[in-house]
Student: 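Let me give you the structure first, and then I'll get to my questions.
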Amino acid sequence: ILSRAFQELSQGMVGVNDVRKIRMVPFPFPYSQYLSLMLVCHWMLTPVMASQLVVKPYWAGVIVFVVSTSFWTLFYIAQEIDQPFGEDANDLP
């Protein structure tokens, strides 16, 4: 029974060290900037493309809103996951 307890503690420490490795390796800044630039380009070009491809204007607006909001939401979720520790409301202790 005692060996099983030590095995569980060992697996927990391995998990902590894996999270620590993720925290210490920074996300490449140029890639992050390029991704932001591409999202802004997408944000500007999506309404133009939707206005040309979708017949009904209200459907074009709905499609643009949903797609752009989804991409920006994924971007901000990825930023939050990149730094899991800190003082923000959603951060780990």
Side-chain angles (χ1 to χ4, degrees):
I1 295 175
L2 188 60
S3 67
R4 179 69 178 168
F6 282 125
Q7 182 181 8
E8 290 296 323
L9 285 173
S10 173
Q11 289 176 351
M13 288 304 297
V14 167
V16 167
N17 286 331
D18 288 342
V19 169
R20 203 173 276 151
K21 281 189 267 183
I22 291 171
R23 180 181 179 209
M24 295 300 168
V25 176
F27 196 72
F29 184 71
Y31 183 76
S32 178
Q33 292 299 309
Y34 181 73
L35 187 60
S36 298
L37 176 69
M38 289 295 106
L39 276 172
V40 169
C41 291
H42 180 270
W43 176 65
M44 290 189 295
L45 291 176
T46 303
V48 175
M49 295 299 294
S51 69
Q52 298 299 315
L53 297 174
V54 180
V55 177
K56 304 282 186 185
Y58 54 86
W59 279 117
V62 168
I63 290 170
V64 168
F65 177 76
V66 168
V67 170
S68 294
T69 303
S70 299
F71 282 147
W72 281 102
T73 303
L74 287 173
F75 176 72
Y76 285 118
I77 288 172
Q79 280 185 337
E80 191 67 34
I81 290 173
D82 184 39
Q83 294 295 330
F85 301 105
E87 301 299 323
D88 294 340
N90 293 331
D91 287 342
L92 297 173

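Quantities reported herein were computed from a predicted structural model and do not represent experimental measurements.
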Student: Would a single hydrophobic cluster contain both Tyr31 and Tyr76, if residues Ile, Leu, Val, Met, Phe, Trp and Tyr are joined by side-chain heavy-atom contacts under 4.5 Å?
Tutor: no
Student: For residues Val14 and Gln11, determine if any side-chain heavy atom of one lies less than 4.5 Å from a side-chain heavy atom of the other.
Tutor: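 Side-chain contact under 4.5 Å: no.
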Student: Same cluster or not: Leu45 versus Trp72, using hydrophobic residues (I, L, V, M, F, W, Y) connected whenever any side-chain heavy atoms lie under 4.5 Å apart?
Tutor: no
Student: Nearest 0.5 Å please: distance from the OG atom of Ser36 over to the CD atom of Gln79.
Tutor: 6.5 Å
Student: Arg20 vs Asn17, test: side chain to side chain contact (heavy atoms under 4.5 Å, CB included). Steps then yes/no.
Tutor: CA-CA 5 Å; Arg20 203 173 276 151; Asn17 286 331; 3.5 Å; yes
Student: Report yes or no: do Met44 and Phe75 belong to one cluster of Ile/Leu/Val/Met/Phe/Trp/Tyr joined by side chain heavy-atom distances under 4.5 Å?
Tutor: yes
Student: Could you tell me which non-hydrogen atom of Ala60 sits nearest to which non-hydrogen atom of Ala50, and how far apart they are?
Tutor: CB-O, 3.9 Å
Student: When you measure from the side chain of Thr46 to the backbone of Trp43, do you find a donor-acceptor pair of N or O atoms at a distance under 3.5 Å?
Tutor: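 It does not hold such a pair.
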Student: Taking everything shown except Tyr34 itself, do over 12 heavy atoms lie less than 6.0 Å from its OH?
Tutor: no
Student: Working to the nearest 0.5 Å, report the span between CE of Met38 and CG of Leu35.
Tutor: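 Result: 9.0 Å between the selected atoms.
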Student: Take Met49 and Val64 through the side chain to side chain contact (heavy atoms under 4.5 Å, CB included) test and state the conclusion after the steps.
Tutor: CA-CA 9 Å; Met49 295 299 294; Val64 168; over 6 Å; no
Student: I'd like to know whether Arg4 forms a side chain to side chain contact (heavy atoms under 4.5 Å, CB included) with Gln7, so could you lay out the CA-CA distance, the side-chain angles of the two residues, the decisive distance to 0.1 Å, and finally the verdict.
Tutor: CA-CA 5 Å; Arg4 179 69 178 168; Gln7 182 181 8; 3.4 Å; yes
Student: If Ile, Leu, Val, Met, Phe, Trp and Tyr residues are connected whenever their side-chain heavy atoms lie under 4.5 Å apart, and connections chain through other members, are Leu9 and Leu2 in the same group?
Tutor: yes
Student: Starting from Ile63, can I reach Phe71 by hopping between I/L/V/M/F/W/Y residues whose side chains sit under 4.5 Å apart?
Tutor: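 Yes, one cluster joins them.
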